[in-house]
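The structure under discussion appears below in the form of structure tokens.
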Amino acid sequence: MLEIQKIRQDAQPFIDGLKNRNIKDAAEKIEQLLTLDQNRRDSITELEQLRNTMNQSSKSIGKLMKEGKKEEAEAVKSELASSKERIKDLEQEVQTIESSTYDLLTTLPNIPHPSVPLGKDASDNAVISQNDIQVTFNFTPKPHWDLALEHDIIDWKLGVKLTGSGFPVYKGKGAILQRALINFFLTKAREAGYTEIMPPLMINEASGFGTGQLPDKEGQMYEVQLDGFYLIPTAEVPITNLYREDILNQEDLPIKNCGYTPCFRREAGSYGKDVKGLNRLHQFDKVELVQVTLPDHSYDTLEKMTSYVESLLTALELPFRRLLLCTGDATFTSAKTYDLEVWSAGQEMWLEVSSVSNFETFQANRLKLRYRDENNKTQLLHTLNGSALALPRIVAALLENNQQADGSILIPEVLRPYTGFDRIGETI
RNA sequence: AGAGAGUUGCCGGAGCGGUCGAACGGGCUCGCCUGGAAAGCGGGUAUACCUCAAAAGGGUAUCGGGGGUUCGAAUCCCCCACUCUCUGCCA
């Protein structure tokens with residue numbers, strides 16, 4: 001959530017930023033916000049003055065009662081009646097203004113960092129870099145859904161039987177591969193200084209709000225209505241919300257956490273080849289990184305986190321490229337996002353496997369996540385996160401890129417200690 | 001799931017419907033004391049918002065969350081959440 005105090009100080013960067021986000025009536029919205037803000041402050045000023053006199057009168061009534069001057073007390077009481085009504089009205093007014101402000105503010109996305117390219121949609125994302133790993137075949141590589149079926153390692157039909165589409169069942173070496181990847185990613189993260197967190201897989205509404213999934217994105221999350229919980233769409237939600245309403249000490253920063261969780265996404269409206277096979281699931285596994293940093297350090301951290309994720313892809317010998325998402329394609333909460341995509345030879349397409357974002361204060365503002373600065377004042381921190389990594393598309397790419405002429409699939413060297421086997425399927 | 005008890009500041013812990021942002025103790029911190037330290041003594045020690053050009057100062061709100069009664073609520077009433085104990089159930 002954007003900081004109203006900052007908008008009040010200097011609205012122009014916000015107007016520009018929102019325009020770059022393709023919000024046409026950005027200026028009007030900011031203007032509305034400022035008006036609401038002014039009205040709110042006017043009302044509060046009056047309200048608090050009234051409350052002040054009210055409090056004082058109440059005290060004097062107390063005194064008069066003690067002194068036994070009942071009639072005088074009654075007189076003061078009757079004088080208060082009108083203020084009391086006015087206070088009620090003003091309270092109502094403030095509440096209305098605040099909820100309008102909230103409604104408006106929650107529709108506004110984060111302001112993009114100056115380095116983010118302008119653009120409408122994914123086609124305007126900038127390819128920043130690409131590694132030099134190539135995969136070549138002297139036969140036509142198959143898509144992973146065929147390979148998975150042939151080797152009986154992933155079963156979509158069973159998933160449909162148990163639950164529905166988008167909930168595959170991993171079997172045998174398919175299941176072991178999942179576990180191996182999770183373990184590999186977590187081990188690497190620990191070596192890189194991240195603390196492993198195993199959070200709840202359901203969150204409450206306050207947590208959903210804190211990281212920006214609620215109030216608007218309910219459609220993305222599965223809801224357990226009876227208990228008022230949501231299934232997490234990513235470990236980012238619980239792991240970032242660990243620090244909700246905290247005031248951290250500078251010496252505790254940066255916070256570097258990682259965690260493996262299944263992720264649950266409704267993905268309403270997705271269709272076509274995007275959802276084929278492992279490309280887009282309702283339940284998938286992911287290891288997530290979360291960092292909380294001082295404002296001055298967040299962009300440096302963003303680069304380091306992204307490089308770290310790239311090192312995982314390199315270790316897995318996958319061809320990948322790094323995108324810088326344009327102003328139109330970055331997520332609602334992000335100020336700057338890098339996407340990492342791997343090349344999947346069977347489908348001949350790039351698959352997004354990681355998204356690394358700096359949210360600056362956008363989440364921290366919602367979370368009320370602060371630190372004490374040199375002057376002992378509380379300031380909002382910056383939050384970041386990144387997938388390291390999301391499993392299904394990694395699995396898709398591994399299967400497709402590492403398939404051999406004989407139909408078997410080689411496991412990358414680094415994973416073998418984790419899988420205990422070096423190949424899926426028959427060798428010649 | 002049923003019955004009961006509870007939820008107060010960084011922690012422990014008081015609190016009668018009235019001057020309670022909250023006794024008392026501990027912690028932390030500053031000052032004095034000391035050659036230095038301990039002890040001792042004295043002071044400070046929440047957050048958000050409003051006011052103010054800013055600082056100072058002043059004000060409002062906050063005692064799990066929300067609503068209500070009242071001139072006035074940490075204290076009374078209602079709803080919700082959480083914690084603990086017992087019973088039940090169970091990986």
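The model shown is predicted, which means the values in this text are computed figures rather than measured ones. The figures here come from the full heavy-atom set of this structure, side chains too, leaving out hydrogens, waters and symmetry mates. Every chain is numbered from 1 and lettered A, B, ... according to where its sequence line falls, protein lines coming before strand lines.
- Considering only side-chain N and O atoms, A/Arg40 lies under 4.0 angstrom from the phosphate OP1 or OP2 of B/C50.
- Distance noted for atom P between B/G21 and B/C33: 37 Å (whole Å).
- Between A/Glu267 and A/Arg280, at least one side-chain N (NZ, or NE/NH1/NH2) sits under 4.0 Å from a carboxylate O, which counts as a salt bridge.
- Here the P atom of nucleotide B/C49 and the CD atom of A/Gln38 are 16 Å apart, to the nearest Å.
- Closest to the A/Lys84 side chain, of the nucleotides B/U69, B/G72, B/G59, is B/G72.
- B/U29 and B/A37: their P atoms are spaced 14 Å apart (whole Å).
- Between the C1' atom of B/C50 and the CD atom of A/Glu93 lies a distance of 15 Å, rounded to the nearest Å.
- When heavy atoms are screened at a 4.0 angstrom cut-off, A/Gln5 is found touching the sugar-phosphate backbone but no base atom.
- A/Thr45 comes within contact range of the sugar-phosphate backbone alone, with a heavy-atom separation under 4.0 Å but no base atom that close.
- Under the 4.0 Å criterion applied to side-chain N and carboxylate O atoms, A/Arg40 and A/Asp37 are assigned as salt-bridge partners.
- Ring planes of A/Phe362 and A/Phe332: perpendicular class, angle over 60° (limits at 30 and 60°).
- Whole-Å rounding puts the A/Leu248 CG to B/U47 P distance at 14 Å.
- Using a 4.0 Å heavy-atom distance criterion, A/Asn204 is classed as making no nucleic acid contact.
- Using a 4.0 Å heavy-atom criterion, one finds that A/Ile61 contacts the bases of the nucleic acid, with or without backbone contacts as well.
- In this structure, CG of A/Asn365 is placed 15 Å from C1' of B/U47, rounded to the nearest angstrom.
- A salt bridge between A/Glu46 and A/Arg86 is present, with a side-chain N of the basic residue lying under 4.0 Å from a carboxylate O of the acidic one.
- Listed by first and then second residue, the side chain to side chain donor-acceptor pair (under 3.5 Å) pairs that reach into residues 153-173 of chain A are A/Asp152-A/Lys171, sequence neighbours excluded.
- Of the candidates B/C71, B/C49, B/U47, B/C71 carries the atom nearest the A/Ser58 side chain, counting heavy atoms from C-beta on.
- Heavy atoms of A/Ser78 sit nowhere under 4.0 angstrom from any nucleic acid atom.
- Between the CG atom of A/Leu50 and the P atom of B/G59 there is a distance of 16 Å, given to the nearest Å.
- Remark: aromatic rings of A/Phe359 and A/His382 are distant, center separation not under 6.0 Å.
- Between B/A46 and B/A23, the two P atoms lie 12 Å apart (nearest whole Å).
- One can place CG of A/Leu90 at 13 Å from C1' of B/C50, the figure rounded to the nearest angstrom.
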Both atom distances under 3.5 Å, Watson-Crick or G-U wobble: I'd like the secondary structure of RNA chain B as a dot-bracket string, with | for pairs made across strands. ((((((((.[[[..)..(.....]]]((((((.......))))))((((((.....)))))).[[[[[..)....]]]]])))))))....
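- With respect to A/Glu3 and A/Arg366, no salt bridge is recorded, no charged nitrogen being found less than 4.0 Å from a carboxylate O.
- Taking atom C1' in both B/A55 and B/G67, one finds a spacing of 40 Å when rounded to whole Å.
- Comparing A/Arg51 and A/Arg8 along RNA chain B, the residue whose closest nucleotide (by nearest heavy atom) sits nearer the 5' end is A/Arg8.
- For the pair A/Ile247 CD1 and B/G9 C1', the interatomic distance rounds to 13 Å; values are reported in whole Å.
- The closest donor-acceptor contact from the side chain of A/Thr327 to the backbone of A/Gly119 lies under 3.5 Å.
- B/G26 and B/G18 have their P atoms separated by 28 Å, given to the nearest Å.
- On the P atoms, B/A73 is 12 Å away from B/G68, given to the nearest whole Å.
- Residue A/Asn52 places its side chain closer to B/U60 than to any other of B/C71, B/U60, B/U47.
- Remark on RNA chain B: of its neighbouring residues A/Gln49 and A/Gly62, the 5'-side contact belongs to A/Gly62, judged by nearest-heavy-atom nucleotide.
- Between A/Asn55 and B/U60 there is a side-chain N or O to OP1 or OP2 distance below 4.0 Å.
- Of the P atoms belonging to B/U69 and B/A81, the separation is 24 Å, rounded to the nearest Å.
- The same atom, P, is picked in B/C89 and in B/G17; the two are 44 Å apart, to the nearest Å.
- Rounded to whole angstrom, the span from the CD atom of A/Glu48 across to the C1' atom of B/U60 amounts to 4 Å.
- A salt bridge does not link A/Lys6 to A/Asp10: none of the charged side-chain nitrogens sits closer than 4.0 Å to a carboxylate oxygen.
- Taking every side-chain heavy atom of A/Arg372 into account, B/A46 is the closest of B/G67, B/A46, B/C49.
- Between A/Phe284 and A/Phe264, the ring center distance fails the sub-6.0 Å criterion.
- For B/U51, one of the phosphate oxygens OP1 or OP2 lies less than 4.0 angstrom from a side-chain nitrogen or oxygen of A/Arg41.
- Side-chain proximity of A/Lys88 to the nucleotides B/A55, B/U69, B/U19 is greatest for B/U69.
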